[in-house]
> 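Structure in C-alpha cells, see below.
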There are 2 protein chains.
Amino acid sequence: MATMQDVARLARVSVSTVSYVLTGARPISQATREKVLAAMAELDYQPHAMARGLASRRSRIVGLLLPIDERGLGATETAFVTGAAAAASAAGYHLVLSPVGVNDLDELRRLASQRMLDGALLMEVQLADPRVAVLQEVGVPLVLIGRTEDPSGLSYVDIDFDLTVRDAVDHLVGLGHRRIVYVNHSAAALADGYGPALRTRDAFAAAMAGHGLAPLMIPADDSAAGGRAAMAAALAQAPDLTAVLAMNESAVFGILGELAGRGRSVPGDVSVVSMVTSPQVAELATPALTAMTSPGSALGRIAVETLLRHLDADNGEIHQQLLPCALEVRGSSGPPRATGGDGITGAGPARPAPAPTEEAARRRAATRRRA
Amino acid sequence: MATMQDVARLARVSVSTVSYVLTGARPISQATREKVLAAMAELDYQPHAMARGLASRRSRIVGLLLPIDERGLGATETAFVTGAAAAASAAGYHLVLSPVGVNDLDELRRLASQRMLDGALLMEVQLADPRVAVLQEVGVPLVLIGRTEDPSGLSYVDIDFDLTVRDAVDHLVGLGHRRIVYVNHSAAALADGYGPALRTRDAFAAAMAGHGLAPLMIPADDSAAGGRAAMAAALAQAPDLTAVLAMNESAVFGILGELAGRGRSVPGDVSVVSMVTSPQVAELATPALTAMTSPGSALGRIAVETLLRHLDADNGEIHQQLLPCALEVRGSSGPPRATGGDGITGAGPARPAPAPTEEAARRRAATRRRA
DNA sequence: GTGAAAGCGCTAACAT
DNA sequence: ATGTTAGCGCTTTCAC
C-alpha cells in the first residue's frame, strides 16, 4: 500500500506538500497540485486513517450510543440509525455503533476516553440522563436524540410531540370525532418519567381542551396484550368512544385485535390513529393504519449534521430542533358513524364531518403528498 | 489526558513495560505489574486508540457493510446488527456501520484501503457479489452473512433455509395439512437469483415431496398488497388449500387480510406459518403468527466471533455455519377443519392430525421451550 | 509557494 | 524480567 512518502517521491515534492494538497490547509500552486494528484492516482493512494487520526487528533469517527438493555430497536430507531450512518458516510465520517447501558457509566467513560470518538450521538435520552455528564467531563461533543429535563446548553433533535399530537387530534376532530381516547405508554413508563409519554399526555390534554373536548387517557403495556387490555378498559369507561389515538406502537395491533374481536369495525365504528409509526408498520395492519409518520431517518441525518458542525467550527452554537411526525391518512380513520347522543362530557364545539366525497378526496391528496 | 509516558514515569518503569502489561505480549513480574496497574488507575489512564492502532496495525474496528439501496432494515436485519454490535463490544472491538451500495465498488475500495477496518461483515450477500472480490483484493478479512453461489474458501453464516422449511412443513403436515401453499418472494426476486427465494423454493418442493405431497407455490411482492394478491391467486388455484407457508414477511399481513376479507378464519379454515420472522412482528398479528423465528441476533454474534477468530489467529480456518429458524407455535396454525375430499393432487401418505387435546399440549410445550 | 523536521502515543524488535 | 529505541504514516510548526 502506497504511503504519502511514495506519493511525494513520485511527484518529486515533499511529504508536507502532499499533505497540504490533501487537506487544503495552505495554498498550493496549480502545477504541483496536479503533479501530486497524478501521483496519488497512479499509486492508488489512500490516506491511512489511523495515522491521520493520530497526527491530527481527529478520528473522523462519531459514536452512536445505543442502550443495550432494550429488547431490540423498533422501526423508528432503525431508521434513525441508518439515516445517521448514511449522513456520516456522506460527510466522510464513520459511524460506530456502541451499545452502552444507560447506567454503565464506567464503560462509557472508558469508551469516551479512548479518543476514538470525535463526538457522540445519544439515543433514548432520559429526562435525567447520567450519560450526558460523563461525556461532557471527558470533553466529547454530543447531540441528544430526545431531550433531558433541562436541555439548555445542549444540542438535540427530537420529535415535536406537541405538534404531532395536535395534528392527530385535529385530524380526528376534523372528521367529526368528539370522544377520543388516547392510549399512552405503560403506567410504569409514566411513573418513570419517560419523556415522550409525559409530553404526549400533556399535549393530548391541551389539544382536546383546545377543541372544548374532554381528554380520555389510558396507559397500555408495550405489547399486543397491553393494547387489548387498554382497549377493553377504554370501552368500559367510555362505550361511546369513536376514535383511538395510540402512542404505543406495540399496543396498537392489540387495539385493532380487540376491536375486531368485539365486532367493532375500523374505521366504521372506531377510527384508529397511530403515533410515531413507520410506514412499514402502518401498512401491516388491515386496514392500513392512519399514522403520524416518525421522521426517523431525517432525525438521524440532522443529528449527525449538527454534531459535525460542532466539530468543524468550534463555536458553541447550540442547535435544538423538533421535528413533527407527518400525518399519513390510510384506511383506519374516517368519519364517525353516528353523530347521535353524546353530551356526556366536554360538550363543546366540534366541527361536523365533511361530506363523504369531499373527505375522501382530501384523504387521498394527503396521502399522495407524502408518497 | 494521561499518556503511557505518564504512567511509566509514575510507576518508575519504561514505556515498553507499561505496554507489555497492557498487551500481555511478554511476561511481567507480579511486582512491576502491580506498580503499573496502580499508576494507570491513579492517572485514569486509557490507551489512545489511534496511536495503538497505528503502531500495531490493528484498529480493533470491524466494519458492517450494509447495502444502501434498500428501503430500511427489517426486524431480522436489525437484530443482526445489534447482535453484531454487542458481540464486537464484548470483545473490545468497535463496529462501524458502513452503508455501501452493492455496486458502489469504488467507494468500497476506498473504504477498505483506509486501513481503518481490521475486517468486515458483508450483509445481504448476493449469489454473485462483486464486493467479495474487492475486499479480498485489498486484503480485508471478511465473513459473509448469507452465501454466494460458490462460497468455497469463504467464511459465512446464514440461515439454514432447508431445515427451516422442512420444520415448517413438518409442523403443518403433522397437524394434518396436505394442501399447503408456499408464498415466496416476488417473481422478480426469483428471476434475479435472490438466494433465499431460490433455496426455500427448492426446499419446499423437496419437503413436500418427502411427504408425498404436491408443492404449490406462488410468488408475492414484498408488501401487504402483494400478499393479498398472492392469497387470492392461491385460492383460485387451489380452493381446497388449508395452510399457507409464507416466506415473505411483508406479504404475510396481506395474506391474513385477504383471508379475513373472504371470511376464512385463521387457523380454523386456513393455517398460516410465517418464515424468518421476528417475535415482535409475529406478535403484531391477530391471531399471533406461528413463525419460524429468525436467529438474527445469534447470526450477528457468530459472524463477529468468526471474524475475530480470523483476525487473532491467522490460520485460514474457514468457518461455514447454517442456523435454522426455530418453530414458535402461536395462534395462527392448527389442525385443518375437515379431512374431507382431497385427492386432487399428490395423493400420498400424510400423517393424520393428532387428537386435539394431545396436539394442544404439544404446541404449548413447543412454545414454552423457546420462551 | 515549498521543504525539513518534530512530534502524535503507542508497539515491537533489539538490547541487556 | 526490563529498558532503549526505531518506527507506524500522517499533520503541522518553523524555516526559507
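All values derive from a computational prediction rather than experimental measurement. Chain letters run A, B, ... following the sequence lines, proteins first and then strands; every chain starts at 1.
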> Starting at CZ of B:R115 and ending at C1' of D:dC10, how long is that distance when rounded to a whole Å?
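Taking atom C1' of D:dC10 as the reference, CZ of B:R115 is at 12 Å.
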
> In this structure, which one of A:L97, A:V81, A:L73 forms a side chain to side chain contact (heavy atoms under 4.5 Å, CB included) with B:V81?
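One option only clears the test, and that one is A:L97.
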
> Going by the salt bridge (charged side-chain N to carboxylate O under 4.0 Å, His left out) test, which pairs reach into residues 15-37 of chain A, not counting sequence neighbours?
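Residue pairs with at least one partner in residues 15-37 of chain A: there are none.
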
> Under the side chain to side chain donor-acceptor pair (under 3.5 Å) test, which residues partner B:T82, sequence neighbours left out?
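Partners of B:T82 under the side chain to side chain donor-acceptor pair (under 3.5 Å) test: none.
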
> Between A:E77 and A:L66 (side chain of the first, backbone of the second, donor and acceptor by atom type, cut-off under 3.5 Å), is there such a pair?
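Judged by distance alone, no pair lies under 3.5 Å.
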
> In whole angstrom, what separates A:M50's CE from D:dG9's P?
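Going from CE in A:M50 over to P in D:dG9 covers 13 Å.
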
> Nearest whole Å is fine: how far is D:dC10 P from A:Q46 CD?
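To the nearest whole Å, that distance equals 10 Å.
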
> Does A:R9 have any salt bridge (Lys or Arg N to Asp or Glu O under 4.0 Å) partners at least two apart in sequence or in another chain, and if so, which?
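Listed in chain order: A:D6.
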
> Write out all pairs satisfying salt bridge (charged side-chain N to carboxylate O under 4.0 Å, His left out) with one or both partners inside residues 42-54 of chain B, taking only residues at least two apart or from two chains.
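For residues 42-54 of chain B, and leaving out neighbouring residues, there are no salt bridge (charged side-chain N to carboxylate O under 4.0 Å, His left out) pairs at all.
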
> Just the endpoints, please: which first and last nucleotides of DNA chain C, 5' to 3', lie under 4.0 Å from a heavy atom of chain A?
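For DNA chain C, the relevant span reads C:dG1 to C:dG9.
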
> My understanding is that only residues two or more places apart in sequence, or in another chain, count here; which of them pass side chain to side chain donor-acceptor pair (under 3.5 Å) with B:Q321?
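For B:Q321, the residues satisfying side chain to side chain donor-acceptor pair (under 3.5 Å) (neighbours in sequence not counted) are B:H319.
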
> Output every pair passing salt bridge (charged side-chain N to carboxylate O under 4.0 Å, His left out) with a member in residues 125-142 of chain A, not counting sequence neighbours, ordered by first then second residue.
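Residue pairs with at least one partner in residues 125-142 of chain A: A:R109-A:E137, A:D129-A:R131.
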
> Please compare B:R57 and B:P27 by the position of their nearest nucleotide in DNA chain D and report the one closer to 5'.
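Result of the comparison: B:P27.
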
> For DNA chain C, which residues of residues 6-14 of chain B approach it to below 4.0 angstrom with any heavy atom?
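DNA chain C contact set from residues 6-14 of chain B: none.
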
> Which parts of nucleotides 11-16 of chain D does protein reach within less than 4.0 Å, heavy atoms only, written one letter per nucleotide 5' to 3' as B for base, S for sugar-phosphate only and - for none?
BBBB--

> Would you say B:H310 and B:S155 are linked by a side-chain donor-acceptor pair, where the criterion is simply a distance under 3.5 Å?
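Note: B:S155 and B:H310 side chains meet the donor-acceptor criterion.
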
> Could you pull out all residues at least two apart from A:S59 that satisfy side chain to side chain donor-acceptor pair (under 3.5 Å)?
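With sequence neighbours excluded, A:S59 shows a side chain to side chain donor-acceptor pair (under 3.5 Å) to A:D118, given in chain and number order.
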
> Specify the closest pair of heavy atoms between A:L154 and A:L144, including all atoms of both residues, with the distance to one decimal.
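Here A:L154 and A:L144 meet closest at CD1-CD1, 3.9 Å.
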
> Checking B:T23 side chain against B:A25 main chain: does a donor-acceptor pair fall under 3.5 Å?
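Present.
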
> With each end axis built from five pairs of C1' atoms, what bend angle do you get for the helix from C:dG1-D:dC16 to C:dT16-D:dA1? Round to 10°.
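That helix gives 40° between its end axes.
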
> Starting at atom CD of B:E34, determine the distance to atom C1' of D:dA1, rounded to an integer number of angstrom.
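In whole Å, D:dA1 C1' lies 15 Å from B:E34 CD.
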
> Please identify each residue that fulfils side chain to side chain donor-acceptor pair (under 3.5 Å) with A:D104, with sequence neighbours left out.
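If we apply the side chain to side chain donor-acceptor pair (under 3.5 Å) test to A:D104, skipping adjacent residues, there are no hits.
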
> Please state how far atom NE2 in A:H48 lies from atom P in D:dG7, giving the value in whole angstrom units.
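So the two atoms are 17 Å apart, to the nearest Å.
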
